[in-house]
Amino acid sequence: MTAAVPAVGSQAPDFVARNQHGESLRLSDFRDRRDVVLVFYPYAFSGVCTSELTALRDRPDLAAAAEILAVSCDPMYTLRAYADASGLEFGLLTDFWPHGAIASQYGVFDADRGCAARGTFVIDQAGVIRWSIVKGIAEARDPNDYARALAELRPGLG
C-alpha cells in the first residue's frame, strides 16, 4: 500500500537501495554531509524520463549543490545500461524489489502501472523534506525548480 506523499517539513523516509553499479546506498548516509534531490521517474529509456534526466546531467550547478539520486522500479542492470547510454553519472537507484517499496514510502508508486510517478523531493542535510512536487506520468518537471529550492536552502551558494 502506498503511503501519502510526505509533507514539506517532515522527515524524509529512509531507505537502502542499490545504484547502477550494484553499490548499496542509504539515504541517511547523506545526513550532515549533503542536501539531496530525490527524483522518482517511471521508466529508463523512455522519452520524457530521458529528457528529464539528461537535463539534470547537463546542470552541473545542481550536482555541485546537492546529491542527485534518481529512483525507478527498473532492475539494476537496466539502470547500468541506461546510465552508460545516456551519460548519467549520478546515482540511479533501483526500486525493483520489493517492487516499488521506496516509491510507496514517498506516496508516488502507481500500482496500476507498476512504476513510480514523477515525484521530486529536495531533502536538506538534516533529512527534512524542504520542497517537493508530484506530477503525472507524462508531465515533465523543470530542473530550474530544483535549483530555486536548493538556493533557498543555501542562499550563499546561489
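It should be emphasised that the depicted structure is a prediction, and the values quoted were computed from it without experimental measurement.
For residues 133-144, the set of pairs meeting the side-chain hydrogen bond (donor to acceptor under 3.5 Å, both in side chains) definition, not counting sequence neighbours, comprises Glu52-Arg141, Arg59-Asn144, Thr120-Arg141, Asp142-Asn144. Within the structure, every pair that satisfies the salt bridge (charged side-chain N to carboxylate O under 4.0 Å, His left out) test and touches residues 34-45, not counting sequence neighbours, is listed here: Arg34-Glu67, Asp35-Arg154. Pairs passing the ring pair (Phe, Tyr, Trp, His ring centres under 6.0 Å) check and including a residue from residues 63-86, sequence neighbours excluded, read Phe45-Tyr82.
Looking only at side-chain heavy atoms (C-beta outward), Pro143 and Leu62 come within less than 4.5 Å of each other. Residues Tyr41 and Arg118 form a side-chain contact, since some pair of their non-hydrogen atoms from C-beta on lies under 4.5 Å apart. Under the 4.5 Å side-chain criterion, counting only non-hydrogen atoms from C-beta, Val108 is in contact with Phe121. The shortest distance between side-chain heavy atoms of Leu25 and Leu93 falls below 4.5 Å. Side-chain contact between Ile137 and Cys115 is present, with at least one heavy-atom pair separated by less than 4.5 Å. Contact of the Phe40 side chain with the Val134 side chain is not registered, since no non-hydrogen atoms from C-beta on lie closer than 4.5 Å.
Distance check: Ile133 CD1 to Tyr146 OH gives 7.5 Å after rounding to the nearest 0.5 Å. Annotation: the span from Asp145 atom CG to Leu150 atom CG amounts to 11.0 Å, rounded to 0.5 Å.
Checked against side-chain hydrogen bond (donor to acceptor under 3.5 Å, both in side chains), Ser28 has the following partners two or more places apart in sequence or in another chain: Asp14. Remark: Ala83 pairs with Gln20, Leu88, Leu92 by the side-chain contact (heavy atoms from CB on, under 4.5 Å) rule, at least two apart or across chains. By the ring-ring contact (aromatic ring centres under 6.0 Å, His included) test, His99 pairs with Phe96, Phe109, sequence neighbours left out. Contacts of Glu152 classified as side-chain contact (heavy atoms from CB on, under 4.5 Å), with partners at least two apart in sequence or in another chain: none. Remark: Glu89 pairs with no residue by the side-chain hydrogen bond (donor to acceptor under 3.5 Å, both in side chains) rule, at least two apart or across chains. For Asp84, the side-chain hydrogen bond (donor to acceptor under 3.5 Å, both in side chains) partners at least two apart in sequence or on another chain are Arg80. Here Arg18 pairs with nothing under the salt bridge (charged side-chain N to carboxylate O under 4.0 Å, His left out) rule; sequence neighbours left out. Applying the side-chain hydrogen bond (donor to acceptor under 3.5 Å, both in side chains) criterion to Tyr43, with sequence neighbours excluded, gives no partner residue. Remark: Val16 pairs with Ser24, Arg26 by the side-chain contact (heavy atoms from CB on, under 4.5 Å) rule, at least two apart or across chains.
There is no path of hydrophobic side-chain contacts, each under 4.5 Å, that joins Val37 to Leu69. Taken together through direct or relayed side-chain contacts under 4.5 Å among Ile, Leu, Val, Met, Phe, Trp and Tyr, Trp131 and Val36 form parts of separate hydrophobic clusters. Hydrophobic clustering places Ile129 together with Phe15 (ILVMFWY residues linked when any side-chain heavy atoms are closer than 4.5 Å, directly or through intermediates).
Each of Ile68, Ile102, Val71 was scored for a side chain to side chain contact (heavy atoms under 4.5 Å, CB included) with Leu38, with one residue passing: Val71.
Considering every non-hydrogen atom in both Ser72 and Leu79, the closest pair reads OG-CD2, 3.5 Å. Considering all non-hydrogen atoms of both residues, Ala17 and Thr94 come closest at CB-O, 3.8 Å. Of all the heavy atoms in Pro42 and Cys49, the pair that sits closest is CD-SG, 3.4 Å. In this structure, Val122 and Ala149 approach most closely via the heavy-atom pair CG2-CB, 4.0 Å. The two residues Leu53 and Ala70 make their nearest non-hydrogen contact at CD2-CB, 4.0 Å. Shortest non-hydrogen contact noted between Asp74 and Ala44 is OD2-N, 2.8 Å.
Put simply, the side chain of Asp95 gets close to the backbone of Ala101: a donor and an acceptor are under 3.5 Å apart.
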